[in-house]
2 protein chains.
Amino acid sequence: MKKNNNDTMQLIMDTGQFLIQERGYNAISYADIAERIGIKKASIHYYFPSKQDLVQGILHRYRKEFLNELDQIDQISINSEEKLFRFFQHYRETLANDAKLCLCSMMAAELVSFPIEIRNEINGFFRDNENWIEKVIEQGKESGSMDYQISSREQSRIIMAFVQGAQLLARSSGDLHYYDVMVENLIKKLKP
Amino acid sequence: MKKNNNDTMQLIMDTGQFLIQERGYNAISYADIAERIGIKKASIHYYFPSKQDLVQGILHRYRKEFLNELDQIDQISINSEEKLFRFFQHYRETLANDAKLCLCSMMAAELVSFPIEIRNEINGFFRDNENWIEKVIEQGKESGSMDYQISSREQSRIIMAFVQGAQLLARSSGDLHYYDVMVENLIKKLKP
DNA sequence: GTCTATAAGATGATAGAC
DNA sequence: GTCTATCATCTTATAGAC
């Protein structure tokens with residue numbers, strides 16, 4: 001049984017992802033990542049020949065893991081209100097852990113730096129989120145716990161825009177409480 | 001009457017601001033700006049010795065001009081609904097003109113790249129916006145055109161988070177219509 | 001698979017001529 | 001005020017030893 005690449009490779013992706021979420025793609029280098037891990041730049045190039053390869057790998061994994069997380073929420077929640085609350089909590093954790101942003105909102109800000117395939121994957125992530133929220137809202141409408149005046153699709157997009165903006169503003173303010181109060185009040189507004 | 005620095009200086013700031021709103025602070029260089037204007041890098045260093053000086057100048061001017069714009073909206077609008085609509089239109093124009101983001105949401109994404117004075121100015125911009133929206137909502141509550149269930153302050157923060165996120169997602173989707181429909185539906189939700 | 005060494009180019013910044 | 005020339009440093013990336 002051969003020793004797996006995975007240890008180093010995952011460590012590179014973990015560190016790269018962390019730094020991108022914190023600082024942005026254009027603010028980090030192979031040297032930053034290598035130094036943090038305690039390896040050399042050339043080792044990163046072995047796994048990810050170019051920086052675009054690296055960010056694509058990180059992005060693809062992130063999207064996949066995020067979908068798993070949403071799946072988990074579906075399984076452990078008893079109703080749509082709880083699902084939505086856990087959704088907001090998930091975005092809160094990113095912020096609470098070293099003041100990071102969602103990988104895709106950071107990359108969406110730096111959108112022009114990326115080729116079309118990567119842009120499509122970023123948009124895919126947003127669509128994943130919207131689709132999931134839409135289903136949750138549909139469920140909430142059926143059970144009578146959510147506002148049925150505007151379409152579920154549009155409601156899900158508003159929530160998605162809100163959560164990305166809330167994360168950005170809360171980090172900028174340096175106060176996690178800022179995020180909590182905003183979410184609390186938005187949830188009020190989603191009720192019928 | 002001496003020839004004014006202002007021509008070149010303003011041109012540098014205009015170009016720098018444009019490029020930051022499009023690509024981000026860490027994605028642009030003195031060379032990019034110089035090339036666009038048709039001057040040399042050294043000329044930019046004459047007006048703005050360091051890159052931080054440049055971004056601080058751009059940011060300060062942006063915040064001032066934005067406050068003027070909000071003042072203008074106050075003067076030409078007949079009620080709070082119109083004010084809010086024009087507010088969203090202003091953010092829409094940024095997006096419509098070469099798919100740029102708000103300077104401060106871009107800089108908020110790159111927050112860790114900046115020293116404390118610049119971070120404070122970014123937050124000042126967000127506070128300016130929140131204060132203005134809060135007043136508009138107060139006015140709307142008095143005239144009965146806006147939802148009075150949650151505090152005006154919190155409602156203004158939700159709107160601020162929303163508009164920043166909406167801009168980000170709409171640009172990423174490449175479809176301005178995405179922004180319009182979101183705004184339209186959010187406005188519905190703000191009514192009593 | 002990880003390293004050293006190195007390339008080729010870009011970056012922010014400065015000195016000094018005009 | 002704008003330029004040329006130059007700097008030290010950092011960047012992504014590759015070749016080749018171990």
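None of these values were measured; they are calculated from a predicted model. Chain letters run A, B, ... following the sequence lines, proteins first, then strands; residues in each count from 1.
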Determine: side-chain N/O of [X] to OP1/OP2 of [N], distance under 4.0 Å, yes or no.
X        : N       : answer
Ser50(B) : dG12(C) : no
Ser29(A) : dC10(D) : no
Ser43(A) : dC3(C)  : yes
Tyr30(A) : dC10(D) : no

Atom [atom1] of [X] to atom [atom2] of [N]: distance rounded to whole Å?
X        : N       : atom1 : atom2 : result
Asp53(A) : dA13(D) : CG    : P     : 8 Å
Tyr46(A) : dT12(D) : OH    : P     : 21 Å
Lys40(B) : dA17(C) : NZ    : P     : 20 Å
Lys51(A) : dC10(D) : NZ    : P     : 15 Å
Ile39(B) : dT4(D)  : CD1   : C1'   : 15 Å
His45(B) : dT4(D)  : NE2   : C1'   : 14 Å
Lys41(B) : dT11(C) : NZ    : P     : 8 Å
Leu54(B) : dA13(C) : CG    : P     : 10 Å

- Item | Short side-chain donor-acceptor distance under 3.5 Å, Arg86(B) and Gln72(B) | no
- Going by the salt bridge (charged side-chain N to carboxylate O under 4.0 Å, His left out) test, name the single residue among Arg63(B), Lys135(B), Lys64(B) that passes it with Asp128(B). Arg63(B)
- Message: Any base atoms under 4.0 Å from Ile37(A), or only sugar-phosphate, or nothing? Heavy atoms, all strands.
- Response: nothing
- Take the angle between the ring planes of Phe87(B) and Trp132(B) and call it parallel below 30°, perpendicular above 60°, tilted in between. parallel
- Query: Quick check: does any side chain N or O of Tyr179(A) sit under 3.5 Å from a backbone N or O of Val163(A), one acting as donor and the other as acceptor?
  - Reply: no
- Would a distance-only check, ignoring hydrogens and angles, find a side-chain to backbone donor-acceptor pair under 3.5 Å from Ser77(A) to Asp74(A)? no
- Message: Let me spell it out: for each of Pro49(A) and Ala42(B), pick the nucleotide of DNA chain D with the closest heavy atom. Which residue's pick is nearer the 5' end?
- Response: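 The residue whose closest nucleotide sits nearer the 5' end is Ala42(B).
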